[in-house]
Each structure stands twice: as structure tokens, then as C-alpha cells.
Amino acid sequence: MNNQRPISSDEEHRVLQFRPRTPPSSPGAQRGKGTVQPLRVTPERLDLSRYEQPRAEPDNFRQRMLANIAALAFTIALTAIGIWLAVSIADLRRTQDCVLMGRRDCVKITTPHI
């Protein structure tokens with residue numbers, strides 16, 4: 001078999017040397033000397049006041065609370081329906097497995113109490 005290799009030139013295999021970035025020269029800031037200069041800039045306050053915007057109308061806490069209660073009730077109802085559906089599907093699967101195995105008396109018959 002004939003091995004075909006692409007012809008490579010020296011331009012493809014060039015190693016680039018990266019120089020480290022140098023910080024802007026400032027008095028007393030030298031790398032490798034082990035001296036640390038104190039930070040002279042006052043840090044900004046760490047709160048969310050700069051993102052606050054004036055509101056046209058005040059918050060309606062009663063409406064917000066009612067919406068939260070409605071959302072909670074909807075979530076609880078959705079969870080209850082999901083659990084009921086899972087139990088119903090499991091019961092149907094159990095009954096179907098019983099019938100497919102050829103057994104009798106697979107369905108539970110409930111009688112009213114007199």
C-alpha cells in the first residue's frame with residue numbers, strides 16, 4: 001500500500017511565544033517584589049439601590065397575596081390530580097397483568113354496606 005501524506009511546510013508548524021501582559025506602570029507596583037499596595041478606591045455599596053426605579057403606583061399587597069394563594073391552590077390541585085392519576089394507572093396495570101396471566105377474580109368488587 002502506498003501511504004499518502006500531505007506535504008507539510010515549515011509555516012504550518014510554527015510555535016508562537018506569548019508574552020505575559022504587563023499592568024500599566026504605576027509607582028510602587030512591581031511584580032515579584034512581594035509588596036502589596038493598599039486599594040485606594042472606595043468600593044461601591046453592595047445593595048440593589050442602584051437598580052431601583054420609581055413606580056407610578058404603589059404595590060397592592062392584597063392582590064399579590066391573593067394571587068399567591070391562588071397559585072398555591074392550583075399547585076396543590078395539580079399535585080393531587082397527578083397522584084390520583086398515577087395510582088389509577090398503577091391499579092389498571094395490575095388488573096391488566098392479572099387478566100393477561102389468565103387468572104380470574106382480578107377486579108375488586110365493592111359492595112355497599114347495609
Side-chain angles (χ1 to χ4, degrees):
M1 272 182 138
N2 188 4
N3 290 338
Q4 294 182 352
R5 300 173 87 186
I7 299 172
S8 64
S9 64
D10 290 335
E11 294 178 6
E12 292 181 18
H13 304 287
R14 193 178 335 165
V15 177
L16 299 176
Q17 293 182 355
F18 291 100
R19 290 172 290 200
R21 293 183 183 177
T22 58
S25 58
S26 63
Q30 296 179 353
R31 289 179 83 80
K33 297 288 184 187
T35 59
V36 178
Q37 296 293 326
L39 184 62
R40 296 180 188 178
V41 179
T42 58
E44 293 183 28
R45 296 186 332 214
L46 298 176
D47 61 354
L48 300 176
S49 62
R50 60 182 161 178
Y51 299 110
E52 290 179 358
Q53 296 179 356
R55 295 182 179 253
E57 55 191 52
D59 285 338
N60 189 352
F61 292 108
R62 180 183 171 102
Q63 181 182 1
R64 186 183 295 182
M65 190 63 94
L66 290 175
N68 287 343
I69 290 171
L72 180 66
F74 179 74
T75 304
I76 290 172
L78 206 59
T79 303
I81 290 171
I83 291 171
W84 171 79
L85 188 61
V87 169
S88 297
I89 290 173
D91 189 38
L92 287 173
R93 191 179 76 200
R94 239 181 275 120
T95 304
Q96 186 178 17
D97 288 344
C98 179
V99 170
L100 290 176
M101 284 193 294
R103 293 183 181 174
R104 298 180 189 193
D105 300 332
C106 294
V107 181
K108 294 179 184 175
I109 300 174
T110 58
T111 57
H113 295 287
I114 300 177

Review point. Mind checking who shares a hydrophobic cluster with Leu66, ILVMFWY linked at side-chain heavy-atom distances under 4.5 Å?
Key: none

**Study point:** Contacts of Asp97 that satisfy salt bridge (Lys or Arg N to Asp or Glu O under 4.0 Å) - sequence neighbours left out
**Key:** none

Review point. Who passes side-chain contact (heavy atoms from CB on, under 4.5 Å) against Asp105, sequence neighbours left out?
Key: none

Check your understanding: What residues, two or more places apart in sequence or in another chain, satisfy side-chain contact (heavy atoms from CB on, under 4.5 Å) together with Thr79?
Key -> Thr75, Ile83

Exercise for review: Would you list the pairs meeting salt bridge (Lys or Arg N to Asp or Glu O under 4.0 Å) in which at least one residue belongs to residues 67-83, sequence neighbours left out?
Suggested key: none

**Study point:** By side-chain hydrogen bond (donor to acceptor under 3.5 Å, both in side chains) - contacts of Arg55 (at least two apart)
**Key:** Asp59

Point to revise | All side-chain contact (heavy atoms from CB on, under 4.5 Å) counterparts of Arg103, not counting sequence neighbours | key: Cys98, Met101, Cys106

Revision key, fill the gap. Residues 67-82 vs salt bridge (Lys or Arg N to Asp or Glu O under 4.0 Å), sequence neighbours excluded, gives none

Check your understanding: Going by the salt bridge (Lys or Arg N to Asp or Glu O under 4.0 Å) test, which pairs reach into residues 67-80, not counting sequence neighbours?
Key -> none

Revision key, fill the gap. Using a 4.5 Å side-chain heavy-atom cut-off and chaining through intermediate ILVMFWY residues, the residues clustered with Tyr51 come out as Leu48

Review point. Who else is in Leu85's hydrophobic cluster (ILVMFWY, side-chain heavy atoms under 4.5 Å, direct or via others)?
Key: Trp84, Ile89

Study note, to complete from the structure: CD of Gln63 to CG of Asn68, rounded to nearest 0.5 Å, is 10.5 Å

Revision key, fill the gap. The remaining residues in the hydrophobic cluster of Leu72, counting side-chain heavy-atom contacts under 4.5 Å among Ile, Leu, Val, Met, Phe, Trp and Tyr, are Ile76

